[in-house]
Structures are given as C-alpha cells and as structure tokens.
There are 2 protein chains.
Amino acid sequence: MNEHSFIFVPEMRTRDENKEAAIREKAMEMIVAEGFDGLSMQKLAKAANVSPATIYIYYKNREDLLTQLFNHVQQTFYDVALAGFNPDLSFEEGLWIQWKNRLKFILKYPVHFQFYEQFRNSPCINHTDVQLSAFKQSMKLFAINAMKKEELKKMDPEIFWSIAYGTFYSMVKFHLQEITVMGNNFKLTEVKMKSAFEMVIKALKP
Amino acid sequence: MNEHSFIFVPEMRTRDENKEAAIREKAMEMIVAEGFDGLSMQKLAKAANVSPATIYIYYKNREDLLTQLFNHVQQTFYDVALAGFNPDLSFEEGLWIQWKNRLKFILKYPVHFQFYEQFRNSPCINHTDVQLSAFKQSMKLFAINAMKKEELKKMDPEIFWSIAYGTFYSMVKFHLQEITVMGNNFKLTEVKMKSAFEMVIKALKP
DNA sequence: AATATAAATGAATGTTCATTCACTTACAAA
DNA sequence: TTTGTAAGTGAATGAACATTCATTTATATT
C-alpha cells in the first residue's frame, strides 16, 4: 500500500456474509421455538456452525444481538409494507394494499414475524428507541389525508389503528396459531381477508 | 388421634397463604419487568422473602411455576369476564358487557394481564393444554345465538372474534404501552371505548 | 510469493442458574 | 405439654451461562 495515499485500504480477510445470515436466522428460529430464555450463545453458535467468539464479531453482546435482530426484521417489514403504497392513495385502496403487503410479509417470513411479536410483547422493547420513522410518518399521513378527503370518519388515531389493523393482526395470529398448534383448519385466504376487510371499511366510513 | 378413625387427620404445620401469594405476585412482576429470562428462582426467592427451596414446595419446578401462574391468571380473568354475562343476552348488550368486564380486569390487574400476553406470545403456550373451557364455550354460544337471532351478521368465527375483540385488545395495548413507555397522553376512558364499540357494532350488524 | 490485516476459532473463566438435601420450626391434635 | 407432620430453610452441587483471549486462518493488496 502506498504510504502517501489518503484513503485507507486495509488488506484483510473479508467477512463471510453467510455466517452473519446463519447466526441471524438460527437465533430467530431458536427464540420462536424455545423463547428468549431458550437462546444461549453457545447453543446458537453450535446451531449456526460457528464459534461462540464469532458471534461477538458481529454483535457486541447478547442484548445487542436481540435489538439488531429486531431492527433487521423491522426494516424488512417496512420495505415490504411500503411497496406500491403512498399516503395519497384513496383510503380503501391504500388500506387494502397495506393488508395485502403485511400478509405477504407474514406468510413469507413467519419466523421473523413471530420473533417480532414476541419481542414487542416483552420488556426487551423498552431497551429499543421507539423512533418516529419515515414508515410511521407515512402511515400517519395516510390516515390524515383520508380524513381530510372524507373517505374516513374523523376519529382518534388509536381508534383508527385498532379497527383498521387490530382486526388484521388478530386474524393473522389466529392463522399462525392454527398452523403451529393443531391441524390447520383455518386457511387464511385472500377471500377471507377481503370479507373481513369489507366489514372494517363499513365501520370506518363516515 | 383415634387409631380406629377412617378419616386421616394429619397433625401438621399449616401453609402460609401469604407466602404463596408473594411468590406468585413477585414472579409476575419480575417477568413483566425483565422478561422470562429475567426470572431466576434465587432472585424470585429473595424478592418474595423466602428460601429458594420453599418455592419447590408450591411448584414442582420452574416450568410448573410458569404454567400455574398462567392458569391462575386465566381463572381470575374468566371469573371477571363472566360477571353479569350470559350467552342469551342481546348481541349489543352482551358484547358491551364483555368489553367492560375485560377492561375492568386489565385495569385492576395490569401486571397479570401483561404477564398473560407475554406468555401467550411465547412458546410456553405450547406446553399448556388449550382446552375448550366453559368460558370459551360460553363465548362461542353467544356468537352463535346472536347470528341465529340475526343481531349479528353471519361470518366465520375467526372474523367475528378479530373484529369484536381484536379491536378491543389493540386499544388496550395502546393504552398500556403509553403508560409504561412515555407520558400518558392516551387515556382509555369508557367514552373512548364506547365510540370504538359503536363502530365495531356497525361492522358486525347484518 | 510475501505481507498485513481482520476474520474466525476453541478452550478457558468466573458467574449465575435450577434444583436438592439434611436440617429446623411451627402448629393442630392428643 | 407432648408429639407427629408438613412447612420452611440455608448451604451446597453440578450444569449451563455470557464473555474473553491467545492463536490460527484466509484474503486483498503489494
């Protein structure tokens, strides 16, 4: 390396991206299967075919691992949920896109979603900065726009959120419980979703 | 004791009910504050002012402790939720009683409720027999009756449950998050509940 | 081919864990 | 007051835990 160069170009071994992904995926699988207390660094290392010390190259410690997992899942979720969406869409079209996008995410990454839900329902969430992201601002703006256009009844934001999405997530959890705990006789088809959606719209219209 | 008596009447020291309650309450507090991995038997013993060995008089082991806690909370919840309710009530009155009863339970026992939710969102739930209790049968019958009387639109049970209660629990969780994480600017008044309730009824009527 | 760098490691460390056990204490009945 | 019983205990045990560290390994540049 030229000793006069301004840009520092290290000569080094490169990180194995597969290792990082393996650690991440195995960690979430273990947590979903056995809970937070079922995740130990040594068991995780073994499951990911990695030395315990390797985990500490990627993550400062156990807590950092958990919060980074959470942020990673959240980012993926945001990306999927925003596809084809913008806050100026008509209320009915926009909300339906949200339902479809969110369902797509959950069915594509069921383990990620279950980890996310477990995390959100645990005290871990208090160690994470709840920031007003671009995603949340977009969701908020969408509701405000819809109320201005009188496509959506005026109401407190919590009430809007609870009817519009509380219903959705309740159905999704029904579905995930069925497929993990008993013989799945509750299929979450788009038809079934649409039927619930129509009723939600009825509640929310002015 | 008469050596010929048929009934066995032991001469013994009696259990201290306070100890059992202390263990139960402290355990839930610790879990809600620090998660399942924050609950250790030795820390719990110290918090409940009891020897670690004492816990094992009341509970077979750690897992048994958790499931017994869950069942205890669930029983309390069932009792509160069924007060003044029966499945033959008119749909609107019956559902509103459910909302009020459930809210009463949550506001009276917020720690119990948060423990319950954390448990339900964790893999622990898979080690518990999900049985069709009298409570669940009562809830089911109520919905069936309401559909027969045409006070409630005919729909899949999951959809009914998700609209009728998913909305409710979503609002409640909003409330609990606000009071624990930031300055509470979302007051969960009965007025606010009633306003959401009216909208839910609009969605559910035939 | 040589080199410098960070990736990756396995073994080791000290701590905390769930659980047990030999023992003491309190009490209801006799 | 005595006594049998279960309640209740503190200290001990071995396993599992998170984390660290002295090395080794792979690789991008020279």
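We name chains A, B, ... by the order of the sequence lines, and we start the count at 1 in each one. From a predicted model like this one, the values you see are computed outputs, not experimental measurements.
- Geometrically, B:Arg15 engages B:Tyr58 in a cation-pi contact defined by less than 6.0 Å to the ring centre and at most 45° from the axis.
- If you find the closest nucleotide of DNA chain C to B:Lys60 and to A:Val50, the one lying nearer the 5' end belongs to A:Val50.
- As rounded to whole Å, 14 Å separates atom P of D:dT27 from atom CD of A:Glu17.
- Close to D:dA7, at under 4.0 Å from its OP1 or OP2, lies no side-chain N or O of B:Tyr56.
- Residue A:Ile57 has its side chain nearest to C:dT9 when only D:dT19, C:dT19, C:dT9 are considered.
- In terms of heavy-atom proximity, B:Met155 sits nearest to B:Ile159 at SD-CG2, 4.0 Å.
- The distance from atom CZ of A:Arg62 to atom C1' of D:dA18 is 9 Å, rounded to the nearest whole Å.
- Listed candidates were C:dT19, D:dT9, C:dC27. Nearest to the side chain of B:Ala53 is D:dT9.
- Under 4.0 angstrom from either OP1 or OP2 of C:dA18 there lies at least one side-chain N or O belonging to B:Ser40.
- Within the nucleic acid shown, B:Tyr58 comes within 4.0 Å of sugar-phosphate atoms alone, with no base atom in reach, counting heavy atoms only.
- One N or O donor and one acceptor, one from the side chain of B:Arg13 and one from the base of C:dT25, sit under 3.5 Å apart.
- In this structure, a donor-acceptor pair under 3.5 Å is absent between the side chains of B:Gln75 and B:Asn71.
- Remark on DNA chain D: of its neighbouring residues B:Arg15 and B:Ser51, the 5'-side contact belongs to B:Arg15, judged by nearest-heavy-atom nucleotide.
- Centroid-to-centroid, the aromatic rings of B:Phe142 and B:Phe85 come within less than 6.0 Å.
- Nearest-nucleotide mapping onto DNA chain C: of A:Thr54 and B:Lys43, the residue sitting toward the 5' end is A:Thr54.
- Which of C:dT19, C:dA8, D:dA28 sits closest to the side chain of A:Lys19 comes down to C:dA8.
- At a cut-off of 3.5 angstrom, the base of C:dA18 holds at least one donor-acceptor pair with the side chain of B:Gln42.
- Rounded to an integer number of Å, the gap from A:Asp37 CG to C:dT16 P is 18 Å.
- At a threshold of 4.0 angstrom between heavy atoms, the contacts of A:Leu39 are confined to the sugar-phosphate backbone, with no base atom among them.
- As judged by a 4.0 angstrom heavy-atom cut-off over every strand, B:Ile55 is placed among residues making no nucleic acid contact.
- The interatomic distance linking A:Leu44 (CG) with D:dA16 (P) rounds to 17 Å, in whole Å.
- Straight-line distance from the CE atom of A:Met41 to the C1' atom of C:dA12: 17 Å, rounded to whole Å.
- Taking the ring centre of B:Trp96 as origin, the terminal cationic atom of B:Lys194 falls inside the region bounded by 6.0 Å and 45° from the ring axis.
- In this structure, B:Lys46 places its NZ atom 13 Å from C1' of D:dA11, rounding to the nearest Å.
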